[in-house]
Every structure is written in C-alpha cells, then in structure tokens.
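I have placed the structure first, in the form of structure tokens, so that the comments after it can refer back to it.
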Amino acid sequence: HGGGQSMPLEYNNADAPYYSEAERTWSAAQDWTVNGVDSLVLYVRGKSTNDPAVVYVALEDSAGKLAVVPFADDTASTATSWLEWKIPLRSFAGVNLARIKTIYVGVGDRSNPVAGGRGIIYIDDIRVVKP
C-alpha cells in the first residue's frame, strides 16, 4: 500500500487451530495512550481466489490480557484493492493500552475456531493515529 512491499500472510485453516496469524512482540511494553492517539489503522487486501474468511487484529498487554477485534465481515480476505481499517483503541476492551506487548493480525475465528479455507492476505502501514 504505502511502498514497494507489504507483509503477506498465507492462511490454511483446514486443520487445527483453524486460524492463522502473524504476531509482533516488543521487548518493552508500548504505550499507546501518548500524544492523543485513539485508533489503530492498517491496510489489508486479499485475492478474489481466496476462500472468504474473517480478518482480525488482537492486542495483548504485558499482564496477558487479550482482546480480539474482527473485521466487520469476510470481504477483507477477498478484496482485490487495499482497504483502510481504522479500529478505535477503545474496541480492545480490557487491554491496558499503556502496556501493549504483542499485536496479532490473523485470519479465521480466533475466539471460536472452526475449520475454514485457505488463501493469502496482504497487510501494510500498521500505525496508531490521532483523531
């Protein structure tokens, strides 16, 4: 989206655990409450040949509290053009936003896993922003 490359995430959710994800863990917890930031923004696109599946973002704080926010429907996995996904940080209920330790971006239903399809999505320009 924002340059010459993006992160591909291949998913094959036919076998347990029935979801696929990439994660980024920081050695020191990140404070996502500074400077008035209120949203997490990323860009995502898939391929028209993908099996439809829900894309999600999860945040985990340094105490191990985790919150998952799914895309509204399964169109992100099959979209052939970039979709801007703006998630209000308040959507990550129960997570200490001043102590973010890990971010996950995945495909499938992490909270209630069931067998699914396969495909590849692309993720780019992950950032926290002000209103």
Side-chain angles (χ1 to χ4, degrees):
H1 174 262
Q5 62 185 5
S6 58
M7 182 182 80
L9 175 60
E10 190 172 344
Y11 63 96
N12 182 349
N13 297 340
D15 299 316
Y18 307 123
Y19 62 89
S20 304
E21 65 185 16
E23 70 179 75
R24 166 65 157 100
T25 301
W26 289 275
S27 56
Q30 305 294 297
D31 186 351
W32 288 12
T33 65
V34 297
N35 300 321
V37 298
D38 74 342
S39 297
L40 173 68
V41 176
L42 65 148
Y43 286 80
V44 63
R45 72 173 178 87
K47 290 184 169 185
S48 62
T49 56
N50 284 352
D51 292 326
V54 173
V55 176
Y56 64 85
V57 173
L59 294 180
E60 184 175 358
D61 65 24
S62 59
K65 303 274 184 173
L66 181 94
V68 179
V69 176
F71 195 78
D73 53 36
D74 61 11
T75 58
S77 63
T78 57
T80 57
S81 58
W82 288 103
L83 300 174
E84 180 187 43
W85 185 12
K86 188 173 187 178
I87 308 168
L89 290 175
R90 68 180 176 276
S91 300
F92 297 97
V95 172
N96 182 345
L97 297 171
R99 306 283 305 152
I100 298 299
K101 191 70 172 163
T102 305
I103 183 173
Y104 304 87
V105 179
V107 182
D109 188 339
R110 193 180 204 274
S111 302
N112 192 18
V114 295
R118 64 181 60 195
I120 188 168
I121 64 167
Y122 299 92
I123 303 139
D124 205 0
D125 296 336
I126 301 171
R127 62 194 191 280
V128 289
V129 299
K130 294 181 186 184

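Although no hydrogens or angles enter the test, the distance criterion places no donor-acceptor pair under 3.5 Å between the side chain of N50 and the main chain of P52. A donor-acceptor pair is defined here as one N or O able to donate and one able to accept, closer than 3.5 Å; no such pair exists between the side chain of E60 and the backbone of A58. When atom types are taken as modelled, the side chain of D74 and the backbone of A53 share no donor-acceptor pair closer than 3.5 angstrom. One N or O on the side chain of D31 and one on the backbone of T33 form a donor-acceptor pair closer than 3.5 Å. With R127 contributing its side chain and D125 its backbone, the two residues share a donor-acceptor pair below 3.5 Å. In this structure a side-chain-to-backbone donor-acceptor pair under 3.5 Å is missing from D61 to R99.
Minimum interatomic distance between A67 and A93 (heavy atoms only, all atoms of both residues): CB-O, 3.6 Å. L66 and V95 make their closest contact through C-CG2, 3.9 Å (heavy atoms, listed as atom of the first residue, atom of the second, distance).
Residues N35 and K130 meet the side-chain proximity criterion, which asks for heavy atoms closer than 4.5 Å.
Using a 4.0 Å cut-off between charged nitrogen and carboxylate oxygen, R110 and E21 count as a salt-bridge pair.
There is a path of hydrophobic side-chain contacts, each under 4.5 Å, that joins V57 to V37. Clustering ILVMFWY residues whenever any of their side-chain heavy atoms sit less than 4.5 angstrom apart, transitively, puts L42 in the very cluster that holds W26. Taken together through direct or relayed side-chain contacts under 4.5 Å among Ile, Leu, Val, Met, Phe, Trp and Tyr, V54 and V105 form parts of separate hydrophobic clusters. A single hydrophobic cluster is seen to contain both V55 and L89, as judged by linkage of ILVMFWY side chains at heavy-atom distances under 4.5 Å, directly or through other members. Residues V128 and F71 share a hydrophobic cluster, clusters being chains of Ile/Leu/Val/Met/Phe/Trp/Tyr side chains in contact below 4.5 Å.
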Give the C-alpha distance, both sets of side-chain angles, the deciding distance and a yes or no for side chain to side chain contact (heavy atoms under 4.5 Å, CB included) between Y18 and V114. CA-CA 6 Å; Y18 307 123; V114 295; 5.6 Å; no
Please step through side chain to side chain donor-acceptor pair (under 3.5 Å) for the pair S20 and N13, ending with a clear verdict. CA-CA 7 Å; S20 304; N13 297 340; 2.7 Å; yes
Yes or no on side chain to side chain contact (heavy atoms under 4.5 Å, CB included) for F92 and I87, after CA distance, side-chain angles and deciding distance? CA-CA 9 Å; F92 297 97; I87 308 168; 3.6 Å; yes
Kindly indicate, with the supporting measurements, whether the criterion side chain to side chain contact (heavy atoms under 4.5 Å, CB included) is fulfilled by I123 and L9. CA-CA 8 Å; I123 303 139; L9 175 60; 4.0 Å; yes
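Remark: Y19 engages no residue in a ring pair (Phe, Tyr, Trp, His ring centres under 6.0 Å) (not counting sequence neighbours). Partners of Y43 according to the ring pair (Phe, Tyr, Trp, His ring centres under 6.0 Å) rule, which considers only residues two or more places apart in sequence or in another chain, are H1.
Within a 6.0 Å radius of CD in Q5, other residues, nucleotides and ligands contribute 12 heavy atoms or fewer.
For the pair R45 and Y122, the distance from NZ or CZ to the six-membered ring centre is under 6.0 Å and the angle to the ring normal is within 45 degrees. Figure legend: cation-pi geometry between R118 and Y11 absent, as NZ or CZ is not positioned both under 6.0 Å from the six-membered ring centre and within 45° of its axis.
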